[in-house]
Protein chains: 2
Amino acid sequence: MKNDIQQTLSDHNLKATDARKFLLETISIEKRPVDAQSLIEIMQKKLGVDRVTIFRILNTLTAHGILRRLEFQEGKARYEISSDDHHHLICENCGAIEDIPDTMVPKIEKEIARDHDFLIKRHTLEFFGLCKNCQKRVKFKD
Amino acid sequence: MKNDIQQTLSDHNLKATDARKFLLETISIEKRPVDAQSLIEIMQKKLGVDRVTIFRILNTLTAHGILRRLEFQEGKARYEISSDDHHHLICENCGAIEDIPDTMVPKIEKEIARDHDFLIKRHTLEFFGLCKNCQKRVKFKD
DNA sequence: TTAGGTGCAAATGATTTGCAATAAT
DNA sequence: ATTATTGCAAATCATTTGCACCTAA
């Protein structure tokens, strides 16, 4: 009996190496998208995996659509398990990230396809601002 | 009589140096968001400006809201003059970038502010896919 | 067994930092 | 005259590449 992760990998004809399994487990557990550096720190301790391997795994899994690569204007990428389309509310003060479902964009995309004759394959929609808690604490809101 | 660019800079208490004026002119002329490297190549020839200066100008002008920093998942930033909110249709084949007006997101933002108690300060919405021309030419559309 | 993965060293590309020299107001 | 801005050299950070060795299927 294969578990979810093993199954996912074998579905994509990817070898189920320790590094890949551990990386997928770690990302699954994290509630917010993680950057390569976090994974490197965790996996270097636990498994002795080289940083290069982690970048390679992230690329492979992203290419296979198992992971989704995100950019929050930090000069580095973050990754999350691919799941239903959703967006992120990113607090610029504490870094909290909340997921919100994607309800409007599919509609917009149809209009765009029609009006601009553009074939949309993917999109990114992120909101930056202050979460509930930080609104109380931060003085300069604008 | 100050021109637009000089006026903008002085409004922000920024000195109107040749490098800044030239950079703003160049970005104004470009129809699509430019990356630092393009500016470096242009400005190094024309004015002999150092690359570091260009990065610093981009940071300063972005901090003052004169420019807007964009990330199209290329591992580098692009910049455009801050203007009305709009989004981009980015062709993954030829790199063409088309602007489209932002009509829906303001509505969405109100709902989010209400439902999630999140203070939105800015957002990014980009669509990736194939432009009209490339749809005809590219074989593997998915 | 064997194609696909990984480690290590070194390279690349984008962007930043420190400090002394320089120019805009 | 002052303070902001620039140039130059060197550093940092994220990510990639080449190649020999290793291992999951």
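Scope of the values below: all heavy atoms of this structure, side chains included, with no hydrogens, waters or symmetry mates. No experiment lies behind these values; they were computed from the predicted model shown. To find a chain, count down the sequence lines: A is the first, B the second, and so on, and within it residues start at 1.
Remark: B/Asp115 CG is packed, more than 12 non-hydrogen atoms of other residues, nucleotides or ligands lying under 6.0 Å away. Within 6.0 Å of NZ on B/Lys132 lie no more than 12 heavy atoms contributed by other residues, nucleotides or ligands.
With C/dG5, C/dC8, C/dA14 as the candidates, the nucleotide lying closest to the side chain of A/Leu14 is C/dG5. With C/dT15, C/dG7, D/dT6 as the choices, the nucleotide that has an atom nearest any side-chain atom of A/Asp50 turns out to be C/dG7. Of the candidates C/dT25, D/dT5, D/dT15, the closest approach to any side-chain atom of B/Ala16 belongs to C/dT25.
In this structure, A/Thr17 reaches the C/dT6 phosphate: one of its side-chain N or O atoms is under 4.0 Å from OP1 or OP2. At C/dT15, none of the side-chain N or O atoms of B/Asn59 fall inside 4.0 Å of OP1 or OP2 (strictly under the cut-off).
Along DNA chain D, the nucleotide closest to A/Gln37 and the one closest to A/Arg56 are compared, and the more 5′ of them pairs with A/Gln37. Each of B/Arg51 and A/Thr53 lies near DNA chain C, and the nucleotide nearest A/Thr53 is the one positioned closer to the 5' end. Between B/Arg20 and A/Lys15, the one whose closest nucleotide on DNA chain D sits nearer the 5' end is B/Arg20. Toward the 5' end of DNA chain C, the nearer of the two residues A/Gly48 and B/Ala36, judged by each one's closest nucleotide, is A/Gly48.
A/Arg68 places a side-chain N or O within donor-acceptor distance of the main-chain N or O of A/Ser83, the cut-off being under 3.5 Å. No donor-acceptor distance shorter than 3.5 angstrom exists from the side chain of B/Arg32 to the backbone of B/Ile97, with no hydrogens or angles considered. Checking side-chain atoms of A/Gln135 against main-chain N and O of B/Asp117 turns up a donor-acceptor pair under 3.5 Å.
Atom CZ in A/Phe55 sits about 16 Å away from atom P in C/dC8, given to the nearest Å. Regarding A/Phe22, its CZ atom lies at a distance of 17 Å from the C1' atom of C/dT6, rounded to whole Å. At whole-Å resolution of the value, NE2 in A/His12 and C1' in D/dA24 are 18 Å apart. Rounded to whole Å, the distance from CG on A/Asp18 to P on D/dA25 is 10 Å. Separating the CG atom of A/Leu70 from the C1' atom of D/dA14 is a distance of 16 Å, rounded to the nearest angstrom. Put simply, CE on B/Met43 is 9 Å from P on D/dT6, counting in whole angstrom units. Rounded to a whole Å, the CD atom of A/Gln73 is 12 Å from the P atom of C/dT15. Regarding A/Leu9, its CG atom lies at a distance of 15 Å from the C1' atom of D/dT23, rounded to whole Å.
Here CD1 of A/Ile27 is found 11.0 Å from CZ of A/Arg78. Values are rounded to the nearest 0.5 Å. The structure places CZ of A/Arg122 at 11.5 Å from CD1 of A/Ile120, a figure rounded to the nearest 0.5 Å.
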| query | Starting at the 5' end of DNA chain D, what dot-bracket string do you get if Watson-Crick and G-U pairs under 3.5 Å are bracketed, crossing pairs use [ ], other-strand pairs use | and unpaired bases use dots? | reply | |||||||||||||||||||||||||

